[in-house]
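All values below come from the heavy atoms of this structure, side chains included, with hydrogens, waters and symmetry mates left out. Every chain is numbered from 1 and lettered A, B, ... according to where its sequence line falls, protein lines coming before strand lines.
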There are 2 protein chains.
Amino acid sequence: MNIVQEESRRDQKKLQRRALLIEIARRSISTKGLKSLKVRDVAEAAGCSIGSVYNEFGDFDGLILTVNRETVHALTTRLKAVPADDPLRQLHGLADAYLGFATEHANLLRSLFEHRMEDDRPFPEDILTMVMDAFALMQTPLLRLLPDRDPGDVALLSRMMFSAVHGIISLGLEERMVAVPPEMLRERLAQFVDTHLAGLGVSRRT
Amino acid sequence: MNIVQEESRRDQKKLQRRALLIEIARRSISTKGLKSLKVRDVAEAAGCSIGSVYNEFGDFDGLILTVNRETVHALTTRLKAVPADDPLRQLHGLADAYLGFATEHANLLRSLFEHRMEDDRPFPEDILTMVMDAFALMQTPLLRLLPDRDPGDVALLSRMMFSAVHGIISLGLEERMVAVPPEMLRERLAQFVDTHLAGLGVSRRT
DNA sequence: ATTCTTCTTGAACAATGTTCATTTTCATAC
DNA sequence: GTATGAAAATGAACATTGTTCAAGAAGAAT
């Protein structure tokens with residue numbers, strides 16, 4: 001009951017505040033949009049100084065990127081929770097899960113896709129990888145549905161399909177330029193997936 | 001050679017500088033991205049004071065929105081220039097024109113879709129309308145290809161299809177999260193359109 | 001030439017990201 | 001328990017950038 005615990009106690013407190021800061025930032029982004037996120041607001045809400053935010057995340061981008069990282073992670077978790085028993089149902093499930101996530105966390109998803117780095121610093125590799133991995137999740141069910149096609153082809157197809165779904169959803173949810181009436185989005189999205197699959201030679205689900 | 005001409009000369013000068021300011025802002029956004037656009041830079045580059053920019057556009061958003069407005073306009077012009085003789089070819093032409101515009105003016109298009117208003121001011125109605133009109137341009141050829149479907153249905157279908165194309169392109173061109181290798185994007189996009197049309201029951205083009 | 005309107009200017013202000021010298025905290029050693 | 005040194009926290013000060021506005025300049029009308 002000495003070194004290790006003392007250290008862990010300190011670390012635990014540090015981690016706890018780090019989590020608090022992230023949670024506050026996420027809540028702010030989620031409710032008021034990325035543009036309204038201010039260092040001072042976060043620091044004040046967390047009951048600490050501005051400098052502490054910088055100690056923890058390096059700079060403001062660091063905080064935003066941390067939130068975005070967790071957003072991709074949450075999204076991925078949700079997408080991976082879609083049952084993989086039936087490939088056709090899985091594809092619909094993936095599209096629907098994305099829609100659900102985008103509906104519930106519109107501003108967080110926007111923060112992920114719209115945030116630009118300060119100056120010309122490179123976009124973090126790990127986030128990039130996570131997003132690409134998420135967008136590749138349609139590959140597995142598509143491969144099962146299209147066993148005769150070239151796997152490399154299917155890999156591209158799946159990312160295209162997911163990108164298309166992303167486009168439909170992100171524009172559809174954009175309250176300012178409502179491309180599709182919200183209440184219809186869900187069923188239209190399913191219809192879109194069906195149509196596209198039909199175009200790929202897959203018969204519709206029963 | 002008096003009142004009218006004097007007035008018009010003054011107005012002309014004013015319009016000329018307005019155009020200059022817009023051009024400078026557009027060039028800046030186009031080359032360095034929206035985030036790097038600064039009032040002072042624009043004013044200095046145009047050889048006028050900061051205040052003049054405000055006189056002309058009200059605030060910073062005003063300048064950005066003006067550039068964005070012209071971006072939608074240029075996009076629409078380009079899309080409307082696509083030959084409308086053959087509906088199938090037109091659909092491909094629209095997708096390809098959008099890709100071409102997005103490739104040549106990636107940052108301008110991002111500015112249009114990613115810019116958020118200061119505070120919670122509403123998004124300008126006219127830009128919204130122009131974007132929606134642009135996204136409805138697939139409706140006419142689709143109606144010709146699907147004469148038996150409910151027109152309201154086709155209206156939605158066309159906006160979905162355009163949104164899908166938008167998603168594929170905007171993610172595909174995102175150098176940070178390259179979902180699709182750029183050199184393939186063009187042909188893949190055509191393939192996507194074909195596939196989706198096939199799903200809608202339209203036979204591929206010859 | 002005078003007056004009146006309009007436009008222009010840029011200093012000053014406000015909001016906000018960032019730095020860093022100072023202070024505080026705290027684990028460790030004795 | 002106290003001393004010590006490292007690590008963290010602090011917030012005043014700074015830098016950048018959008019915004020305002022009183023004062024001045026320019027131009028049109030008479």
Side-chain angles (χ1 to χ4, degrees), chain A residues 1-22 24-25 28-29 32-67 111 115-121, chain B residues 1-21 24-25 28-29 32-68 111 115-121:
Chain A
M1 189 198 274
N2 40 31
I3 303 180
V4 179
Q5 276 217 2
E6 293 303 329
E7 276 191 352
S8 76
R9 194 176 292 170
R10 187 185 226 190
D11 287 358
Q12 199 176 341
K13 195 176 178 186
K14 188 177 168 64
L15 282 179
Q16 201 168 333
R17 196 182 57 182
R18 180 184 171 89
L20 176 62
L21 285 169
I22 295 173
I24 288 169
S28 174
I29 294 176
K32 299 179 301 179
L34 176 59
K35 196 160 191 176
S36 301
L37 186 69
K38 313 289 170 186
V39 202
R40 281 169 177 75
D41 293 348
V42 175
E44 190 183 9
C48 71
S49 71
I50 303 169
S52 293
V53 180
Y54 278 80
N55 278 348
E56 195 59 48
F57 300 99
D59 59 9
F60 199 44
D61 269 4
L63 174 55
I64 296 170
L65 290 174
T66 302
V67 172
S111 169
H115 172 61
R116 302 285 151 185
M117 301 290 285
E118 211 58 53
D119 306 314
D120 286 322
R121 271 180 287 191
Chain B
M1 191 197 275
N2 40 30
I3 304 181
V4 179
Q5 277 217 0
E6 291 305 327
E7 276 190 350
S8 75
R9 195 174 294 170
R10 187 186 228 190
D11 286 358
Q12 199 177 341
K13 193 176 178 184
K14 189 177 169 61
L15 282 179
Q16 202 170 333
R17 194 181 60 181
R18 179 184 172 90
L20 176 63
L21 286 168
I24 288 169
S28 174
I29 294 176
K32 299 180 300 179
L34 176 59
K35 196 159 193 177
S36 301
L37 186 70
K38 314 289 170 186
V39 202
R40 282 169 177 75
D41 294 346
V42 175
E44 189 183 11
C48 70
S49 69
I50 303 168
S52 292
V53 180
Y54 278 79
N55 277 350
E56 196 59 48
F57 302 100
D59 58 9
F60 199 45
D61 268 4
L63 175 54
I64 297 170
L65 290 173
T66 302
V67 172
N68 285 351
S111 169
H115 173 61
R116 304 285 151 185
M117 301 291 284
E118 211 56 53
D119 305 312
D120 286 321
R121 271 181 287 192

Margin query: Rounded to whole Å, please give me the gap between CZ in R40(A) and P in dA15(D).
Written below: 15 Å

Check: Roughly, in whole Å, what's the span from CG in D119(B) to P in dA15(C)?
Finding: 11 Å

Checklist line | Interatomic distance, M117(B) CE vs dG18(D) P [rounded to whole Å] | finding: 15 Å

Notebook entry, point to check: Once you round it to whole Å, what is the distance between P of dA8(D) and CD of Q16(A)?
Noted result: 17 Å

Note to self: Taking CD in E118(B) as the centre, count heavy atoms belonging to other residues, nucleotides or ligands within less than 6.0 Å. Is the count above 12?
What the structure shows: yes

Next item on the list: Calculate the interatomic distance between E44(B) atom CD and dG18(D) atom P; express it in whole Å.
Entry: 14 Å

Check: Would you call L65(B) and F57(B) a side-chain contact if the rule is heavy atoms closer than 4.5 Å?
Finding: no

Next item on the list: Compare every heavy atom of V53(B) with every heavy atom of A43(B), then report the nearest pair and how far apart it is.
Entry: CB-CG2, 4.0 Å

Checklist line | Length of the NZ-C1' vector between K14(A) and dA27(C), whole Å | finding: 15 Å

Notebook entry, point to check: Can you list, by residue number, the residues of residues 49-64 of chain A that have a non-hydrogen atom closer than 4.0 angstrom to DNA chain D?
Noted result: S49(A), G51(A), S52(A), N55(A)

Item checked: Atom pair distance, as rounded to whole Å: NZ in K38(A) and C1' in dA14(C) -> 12 Å

Note to self: Measuring to OP1 and OP2 of dC26(C), would you say a side-chain N or O of K13(A) lies under 4.0 angstrom away?
What the structure shows: yes

Next item on the list: Specify the separation, in whole Å, of atom CG of L37(A) and atom C1' of dA15(C).
Entry: 14 Å

Check: Between R17(A) and dA8(D), does any side-chain N or O lie under 4.0 Å from OP1 or OP2?
Finding: no

